[in-house]
Amino acid sequence: MNDIDNIIDNYFEGRSSLEEEKILKEYFRGNKVQPGHEIYRPLFAVFPEEKRVTAPLTDISYPQKKKKTIPLRRIGIISAIAVAAALLFIILHPATTSPVYPEYVVIVNGNPVTDPQEARQYAEHMFSEAENIVRKTYQPFHQAADMRNDLNAERILRETEQKIQYIKTGNTP
Amino acid sequence: MKKLLSIILMMLAFSAVASAQQIEKLFDKYMEDERFNYIYQMKQGKLERYEDFGKAYDEHLKMESDGKRMLTLNSKDEALAGQFTREVDNALKADKYENTSLVRNGKNRVEEYYRKSNKGVDKISFIKNPGNIIIVWNAYVPAKTR
């Protein structure tokens, strides 16, 4: 019996071997259980049930994400619509910002004038000079045209007739 | 026969395109030459009424400036001046510019040229002074096209 007590002590302390546990099972299954050990009978009576009890298999099913397959034809249609919309947008809303070109390009003796202000001043000065030359060169031409107008015989005769008429009638012009 | 005709047409088209840009090629040739001064003015959005005196044209179109260029030869080298003058004359002839006026006042000589094309109108003033030669090229386009 001391052996049984020792085995029980080992069992509760977690030091019992499988052989000792078998012994305990046989002991408590039998009819020679001492009164002091009756208290442990219900505990060791579940041992035969352990083998037959198996944990039910649980089937944990995760929600499967369905892969949506887009047909190629639809992809093509959508792409074509997107491209057409983009083209339409570009056509209807052209870029408002036009490329910036310098107002003047000035190159003096092969050297470009990079300062915009200087380039502008030089360009305007040179264009003005050219216009002056043209004006002076054409000056005799314009003078001749003015002289032609002044020496217009028809006009002189008409004005003279008007003056004579005013003198005759006594009316002032 | 068809092949020959197409070749002739292509050559005519090519020559027309090539010759129409002679004055522009002249500007491009000398713009960075150290013996010349080059100016290019881009007028934007300014309406200018195009007029030309001494010309018998009746049209007065509402034109807009499409740019103004000036090329000036600052050299007293007579040989260079003569060569440049000949180049300008050849370019104006090749581009079919019409000489609308020629005025000589003392040693100054001013020639005006005019050309009308599908794009618009080009006016060139060719100024010859002792010591410098100036070409001023005004381009005009109809106001709607700009």
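Checking Asn37(B) against Tyr122(A) by side-chain atom types alone, a donor-acceptor pair falls below 3.5 Å.
The environment of Gln143(A) atom CD is dense: over 12 non-hydrogen atoms of other residues, nucleotides or ligands sit within 6.0 angstrom. With a 6.0 Å radius and a threshold of 12 heavy atoms from other residues, nucleotides or ligands, Glu34(B) has its CD atom at or below the threshold. In the displayed structure, Arg148(A) atom CZ is contacted under 6.0 Å by at most 12 heavy atoms of other residues, nucleotides or ligands. In the displayed structure, Leu18(A) atom CG is contacted under 6.0 Å by at most 12 heavy atoms of other residues, nucleotides or ligands. When the shell of 6.0 Å around CD of Glu38(A) is examined, it contains more than 12 heavy atoms from other residues, nucleotides or ligands.
Shown are Ile134(B), Val110(B), Val136(B); of these, the side-chain contact (heavy atoms from CB on, under 4.5 Å) with Val134(A) is made only by Val110(B).
With contacts defined as side-chain heavy-atom distances shorter than 4.5 Å, the pair Glu112(B)/Tyr138(A) qualifies. Using a 4.5 Å heavy-atom cutoff, the side chains of Tyr38(B) and Val106(A) are not in contact.
No continuous path of hydrophobic side-chain contacts links Ile156(A) to Met147(A) [ILVMFWY only; heavy atoms under 4.5 Å]. Under the 4.5 Å side-chain heavy-atom criterion for ILVMFWY residues, a single connected hydrophobic cluster contains both Ile124(B) and Met42(B). There is a path of hydrophobic side-chain contacts, each under 4.5 Å, that joins Leu80(B) to Phe126(B).
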inquiry  = Let's go through Lys68(B) and Glu103(A) carefully: what are the C-alpha distance in whole Å and the side-chain angles of both, what is the deciding distance for salt bridge (charged side-chain N to carboxylate O under 4.0 Å, His left out) to 0.1 Å, and is it a yes or a no?
reply    = CA-CA 11 Å; Lys68(B) 193 175 181 181; Glu103(A) 192 178 357; over 6 Å; no
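Interface residue Asn108(B): backbone and side-chain heavy atoms are both found under 4.5 Å from chain A. In this structure, chain B has no heavy atom under 4.5 Å from any part of Glu129(A). Both the backbone and the side chain of Val103(B) come within less than 4.5 Å of a heavy atom of chain A.
Distance check: Gln41(B) CD to Arg120(A) CZ gives 8.5 Å after rounding to the nearest 0.5 Å. Rounding to the nearest 0.5 Å gives a distance of 10.0 Å between CG of Asn109(A) and OG1 of Thr72(B). Atom OG1 of residue Thr137(A) and atom CG of residue Leu102(B) lie 10.5 Å apart, to the nearest 0.5 angstrom. The distance from the OH atom of Tyr40(B) to the CD1 atom of Ile107(A) is 12.5 Å, given to the nearest 0.5 Å. Interatomic distance, CD of Gln139(A) versus CG of Asn105(B), reported as 7.5 Å (0.5 Å rounding).
Across all non-hydrogen atoms, the minimal contact from Ala130(A) to Ile127(B) is O-CD1, 3.9 Å.
Top candidate by heavy-atom pairs under 4.5 Å with chain A, chosen from Arg69(B), Arg109(B), Met31(B), Arg104(B), is Met31(B).
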